[in-house]
Amino acid sequence: MFGVLFPNRSFPMDISAFAQIDTFHWILDMNTFVGEAYDQVKEICIFLLNNFTLPPDKALAVYIQSPGSPFVYCGAVTISRPSAVLALPWPEPGGADGQLQLTAAGAAPLTAKIGVSVEELSSLQSLDAAGEGRIERMALKVGENLFNFMQSFCGVDGSKLVVPMDILDRWFKKFQERAKRDPEYLKGFSL
């Protein structure tokens, strides 16, 4: 049906690594895979296997859950997009309020999980929710860099800021030169 792998962390795993909850839902307990270091797993590659036919209006959605927090949607694969590398933006344990859930004495401790479910494609907000957020944050950081560069050359004419006509060319040249000198520079723009 499907398989997953964690880039630079695992070999491909098929559906047998997951506990099947019902016909359309599977859970991977991250404790059995990486213990408490689940938050160090930043990406998952999910792929449909050759013998699995997913209807065109369905998707395999991927969710993550930190201990004691609700599931968070990460992205999906479809028959027209049979594989994807999705970011895993692990929520804080305990959810938005930061309070961990207490368990009964003798109960298994809460663990991080990855959930996969078959869902209506039309009900999903995006096929790569976390990726879109990363792109937006990167664009904002690049824009902020440009704004700060432009501010250093600004003049004021009444209520307007005035900058040299070649400011964009100068900024872009500086940006490219810095990226060539320091390969880690661009990584600072992504989160």
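Below, all heavy atoms of this structure are taken into account, side chains as well, without hydrogens, waters or symmetry copies. Numbering starts at 1 and runs along the sequence shown.
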Quiz item: If only atom types and distance count, is the side chain of S69 paired as donor or acceptor with the main-chain N or O of P91 below 3.5 Å?
Solution: no

Quiz prompt | Separation of I114 CD1 from Q65 CD (nearest 0.5 Å) | solution = 11.0 Å

Quiz prompt | Contact list for residues 16-32, test salt bridge (Lys or Arg N to Asp or Glu O under 4.0 Å), sequence neighbours left out | solution = none

Exercise. Under the side-chain hydrogen bond (donor to acceptor under 3.5 Å, both in side chains) rule, collect the residues that match up with D182, sequence neighbours excluded.
Key: none

Quiz item: Can F175 and N145 be said to form a side-chain contact (heavy atoms from CB on, under 4.5 Å), step by step?
Solution: CA-CA 9 Å; F175 192 82; N145 181 278; 4.0 Å; yes

Practice problem: Could you tell me which residues satisfy salt bridge (Lys or Arg N to Asp or Glu O under 4.0 Å) with D166, sequence neighbours excluded, listed by chain and number? | Solution: R170

Exercise. For atom CG of N50, decide whether the heavy atoms of other residues, nucleotides or ligands shown that lie under 6.0 angstrom number more than 12.
Key: no

Quiz item: Does E120 have any salt bridge (Lys or Arg N to Asp or Glu O under 4.0 Å) partners at least two apart in sequence or in another chain, and if so, which?
Solution: K58

Exercise. Flag the pair F24 / S117 as yes when at least one side-chain heavy-atom distance between them is below 4.5 Å, and no otherwise.
Key: no

Practice problem: Quick one: pull up SG in C74 and CD1 in I44 and give me the separation to the nearest 0.5 Å. | Solution: 8.0 Å

Identify each donor-acceptor pair in which a side-chain atom of residues 5-18 lies under 3.5 Å from a protein atom, sequence neighbours left out, and give them as a table.
residue : atom : partner : partner atom : Å
S10     : OG   : F6      : N            : 2.9
D14     : OD1  : S16     : N            : 3.0
D14     : OD1  : S16     : OG           : 2.4

Quiz item: Can you list the steps and then say if L88 with K42 is a side-chain contact (heavy atoms from CB on, under 4.5 Å)?
Solution: CA-CA 5 Å; L88 300 177; K42 303 290 185 193; 5.8 Å; no

Self-check item: Interatomic distance, W171 atom CH2 to F149 atom CZ [nearest 0.5 angstrom]
Solution: 9.5 Å

Quiz item: Who are the side-chain contact (heavy atoms from CB on, under 4.5 Å) partners of I46, not counting sequence neighbours?
Solution: F2, V4, V62, V77, L86, V116

Self-check item: Gap between atom CZ of R81 and atom CG of L48 - 0.5 Å precision
Solution: 10.5 Å

Quiz item: Quick one: salt bridge (Lys or Arg N to Asp or Glu O under 4.0 Å) pairs with a partner in residues 59-72, sequence neighbours left out?
Solution: none

Quiz item: Under the side-chain contact (heavy atoms from CB on, under 4.5 Å) test, which residues partner A37, sequence neighbours left out?
Solution: Q40

Quiz item: Looking only at heavy atoms, what is the nearest atom pair of L121 and P56, with distance?
Solution: CD2-O, 3.8 Å

Quiz item: If you draw a 6.0 Å radius around NZ in K174, do more than 12 non-hydrogen atoms from other residues or ligands fall strictly inside?
Solution: no

Practice problem: Go through the structure and list residues passing side-chain hydrogen bond (donor to acceptor under 3.5 Å, both in side chains) with W26, not counting sequence neighbours. | Solution: none

Quiz item: What residues form a side-chain hydrogen bond (donor to acceptor under 3.5 Å, both in side chains) with S80, not counting sequence neighbours?
Solution: T78

Exercise. Return the set of residues passing side-chain contact (heavy atoms from CB on, under 4.5 Å) with L168 (not counting sequence neighbours), or none when no residue passes.
Key: L146

Quiz item: side-chain hydrogen bond (donor to acceptor under 3.5 Å, both in side chains) with Y38: which residues, sequence neighbours excluded?
Solution: none

